[in-house]
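Computed over heavy atoms, backbone and side chain alike; hydrogens, waters and symmetry mates excluded. These figures come from a predicted structure and were not determined experimentally. Here is how names work: the chains are called A, B, and so on, in the same order as the sequence lines, proteins then strands, and each is numbered from 1.
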2 protein chains.
Amino acid sequence: MARPSTVVRVHRAVLDLVREVGVDGLTMEGLAAAAGTGKQTLYRSWSSPLHVLFDALLASSTADDGRVEVPDSGDLARDLRTLVDGIVDELTEPAGDALMRDVLTRLQVHPELSAELQQRLLGPQTAAIAERFRRAGVVDPEQVTELLLGPLFHRWLLRTGPFTDGWVRSHVELVLRAAG
Amino acid sequence: MARPSTVVRVHRAVLDLVREVGVDGLTMEGLAAAAGTGKQTLYRSWSSPLHVLFDALLASSTADDGRVEVPDSGDLARDLRTLVDGIVDELTEPAGDALMRDVLTRLQVHPELSAELQQRLLGPQTAAIAERFRRAGVVDPEQVTELLLGPLFHRWLLRTGPFTDGWVRSHVELVLRAAG
DNA sequence: CCTCAAACGAGACGACGCGTCTCGTTTGAG
DNA sequence: CTCAAACGAGACGCGTCGTCTCGTTTGAGG
């Protein structure tokens with residue numbers, strides 16, 4: 001439908017623009033101006049500025065290798081700490097931290113977008129972690145994965161507390177004890 | 001600042017109106033019309049329709065007894081299942097389910113509102129649960145509470161799966177094993 | 001009961017983004 | 001070279017924004 005060059009220009013424009021005006025400051029008119037495109041061209045492919053932003057973020061995150069790297073050294077405790085440290089680093093990266101939380105929370109209102117995120121990013125990542133648990137002989141890998149990630153997202157989304165080293169260590173310890 | 005009668009009328013209006021038009025359909029103009037009030041009166045006390053809605057929900061939830069009832073029969077496992085069943089019932093209640101998720105996710109963009117929610121509702125509730133764990137001799141009650149609630153909210157907010165009886169039972173089991 | 005300032009209802013106002021539309025131009029596959 | 005699809009530009013009517021006046025209501029202190 002849309003020419004590849006147009007999509008690239010729009011993606012670049014929305015990622016630049018959102019850093020200036022924030023997620024709520026995005027408008028189709030502003031986006032069209034920034035991308036040097038007509039409004040009709042935007043509406044041809046996207047139905048709101050949030051859809052544009054989501055599409056751009058998804059494209060960039062699958063482009064620079066959205067693969068999941070779950071460490072597997074044989075030592076489950078060590079691997080989990082490494083994994084959680086990596087996730088925490090991503091979640092607290094000053095550059096994208098606020099933006100990612102903004103987008104993720106706003107996505108929840110659009111079932112089709114959160115389903116796509118689930119399918120293309122979160123699903124594969126939790127599956128990879130569950131697979132690591134399974135390889136370690138954990139009985140209920142999916143549920144233990146949820147036990148590992150749930151409090152992480154809870155803390156991050158609801159801002160109920162900081163991610164200190166001590167918190168990460170004892171959280172992993174609790175999960176390991178639950179895993180048996 | 002605002003007359004009590006005005007606040008009551010606005011609260012009633014926003015709770016009625018949001019069921020007709022949804023959270024995104026709320027506007028200050030529509031709210032003023034529905035409440036039979038001037039726009040200036042609204043702007044005197046609130047800065048956006050979301051602020052009005054949040055205030056109304058908070059008022060109604062603290063009015064009809066926002067107290068936390070954490071069962072304490074002596075049997076921790078049984079009490080936890082009862083507690084989680086109660087929370088799940090609230091989270092999946094057809095009437096308020098979608099509305100609460102909408103409001104809660106949109107709140108995250110407003111740090112002052114989510115801080116108020118944390119302080120006036122979530123904080124006391126998690127504290128009460130942690131206290132129950134402490135009474136049962138759990139070493140790290142706060143973190144175990146997070147282990148219990150994190151996956152619940154994760155599942156609810158991100159819609160990653162349904163709350164079946166089986167899920168609740170094995171989740172509580174895992175948390176209990178982690179608690180030692 | 002009277003007074004008077006604070007709070008109020010009503011709505012006018014210019015600004016702005018919405019989503020739709022037309023129109024003339026560019027582009028690339030056949 | 002051709003020609004339809006995609007495009008850029010922007011006009012259009014509409015609704016909401018947040019601010020602003022203006023005259024009316026309200027209730028506590030004299």
Side-chain angles (χ1 to χ4, degrees), chain A residues 1-57 59 99 102-103 105-113, chain B residues 1-57 59 99 102-103 105-113:
Chain A
M1 209 64 180
R3 280 200 255 270
S5 67
T6 308
V7 174
V8 171
R9 255 188 311 145
V10 171
H11 280 173
R12 267 204 287 262
V14 71
L15 292 177
D16 286 351
L17 198 57
V18 75
R19 283 168 218 289
E20 291 175 22
V21 300
V23 177
D24 280 330
L26 291 177
T27 68
M28 287 304 230
E29 304 218 328
L31 233 40
T37 180
K39 291 167 60 178
Q40 194 64 258
T41 301
L42 293 184
Y43 281 106
R44 241 191 296 275
S45 304
W46 301 280
S47 54
S48 79
L50 183 62
H51 283 72
V52 182
L53 178 58
F54 172 73
D55 200 34
L57 287 174
L99 176 61
D102 272 20
V103 173
T105 55
R106 271 176 253 259
L107 270 197
Q108 302 316 313
V109 181
H110 302 262
E112 85 283 8
L113 291 188
Chain B
M1 210 65 182
R3 279 199 254 270
S5 67
T6 307
V7 174
V8 170
R9 254 189 311 147
V10 171
H11 280 174
R12 267 203 287 261
V14 71
L15 292 178
D16 285 352
L17 198 56
V18 75
R19 283 168 217 291
E20 292 175 21
V21 301
V23 178
D24 279 329
L26 292 176
T27 67
M28 286 305 230
E29 304 217 327
L31 233 39
T37 181
K39 291 167 62 179
Q40 195 65 259
T41 300
L42 293 183
Y43 280 106
R44 240 190 298 274
S45 304
W46 302 280
S47 53
S48 78
L50 183 62
H51 284 73
V52 182
L53 179 58
F54 172 73
D55 200 34
L57 288 173
L99 176 61
D102 272 21
V103 172
T105 55
R106 271 176 253 257
L107 270 196
Q108 302 316 312
V109 181
H110 302 263
E112 85 283 5
L113 291 188

With Watson-Crick and G-U wobble geometry limited to distances under 3.5 Å, how should the secondary structure of DNA chain C be encoded in dot-bracket form, using | for bases paired to another strand and [ ] for crossing pairs?
|.||||||||||||||||||||||||||||
Going by atom type alone, with no hydrogens or angles, which donor-acceptor pairs under 3.5 Å involve a side-chain atom of residues 31-38 of chain A and a protein atom two or more places apart or on another chain?
none

Residues in salt bridge (charged side-chain N to carboxylate O under 4.0 Å, His left out) with A:Asp102, at least two apart?
A:Arg106
Contact between B:Leu57 and B:Leu15 at the side-chain level, heavy atoms closer than 4.5 Å - yes or no?
yes
Holding to side-chain contact (heavy atoms from CB on, under 4.5 Å), I want the full list of residues that pass it with A:Arg9, two or more places apart in sequence or in another chain.
A:Thr6
Report the distance from atom NE2 of B:His51 to atom P of D:dG18, rounded to the nearest whole Å.
11 Å
What's touching nucleotides 2-4 of chain C from the protein side, N or O pairs under 3.5 Å?
none

Side-chain donor-acceptor pairs under 3.5 Å in residues 48-55 of chain A, sequence neighbours left out?
{"unit_1": "A:Ser48", "atom_1": "OG", "unit_2": "A:Leu50", "atom_2": "N", "d": "3.3"}
{"unit_1": "A:Ser48", "atom_1": "OG", "unit_2": "A:His51", "atom_2": "N", "d": "3.3"}
{"unit_1": "A:Ser48", "atom_1": "OG", "unit_2": "A:His51", "atom_2": "ND1", "d": "2.8"}
{"unit_1": "A:His51", "atom_1": "NE2", "unit_2": "A:Ser47", "atom_2": "OG", "d": "3.4"}
{"unit_1": "A:His51", "atom_1": "NE2", "unit_2": "A:Glu112", "atom_2": "OE2", "d": "2.9"}
{"unit_1": "A:Asp55", "atom_1": "OD2", "unit_2": "A:His11", "atom_2": "NE2", "d": "3.3"}
{"unit_1": "A:Asp55", "atom_1": "OD2", "unit_2": "A:Trp46", "atom_2": "NE1", "d": "3.1"}

Can you measure A:Leu50 atom CG to C:dC18 atom C1' for me and round it to whole angstrom units?
16 Å
Any residue of residues 20-39 of chain A with a heavy atom less than 4.0 Å from an atom of DNA chain C
A:Thr27, A:Met28, A:Glu29, A:Lys39
Does A:Arg9 have a side-chain nitrogen or oxygen under 4.0 Å from the phosphate oxygens OP1 or OP2 of D:dG8?
yes
For nucleotides 23-30 of chain C, list the nitrogen or oxygen atoms of the protein found under 3.5 Å from its nitrogen or oxygen atoms, one pair per line.
none

Listed nucleotide nearest any side-chain atom of A:Tyr43, set C:dC18, C:dT22, C:dC8
C:dC18
Is any side-chain heavy atom of A:Val103 closer than 4.5 Å to one of A:Val18?
no
Please tell me which of the listed nucleotides, C:dG9, D:dC17, C:dC18, lies nearest to the side chain of B:Pro49?
D:dC17
Sequence neighbours excluded - salt bridge (charged side-chain N to carboxylate O under 4.0 Å, His left out) pairs with any residue from residues 26-45 of chain A:
A:Glu29-A:Lys39
The criterion is side-chain contact (heavy atoms from CB on, under 4.5 Å); which residues satisfy it with A:Val8, sequence neighbours excluded?
A:Arg12
Quick check on D:dC7: is either OP1 or OP2 less than 4.0 Å from any side-chain nitrogen or oxygen of A:Arg44?
yes
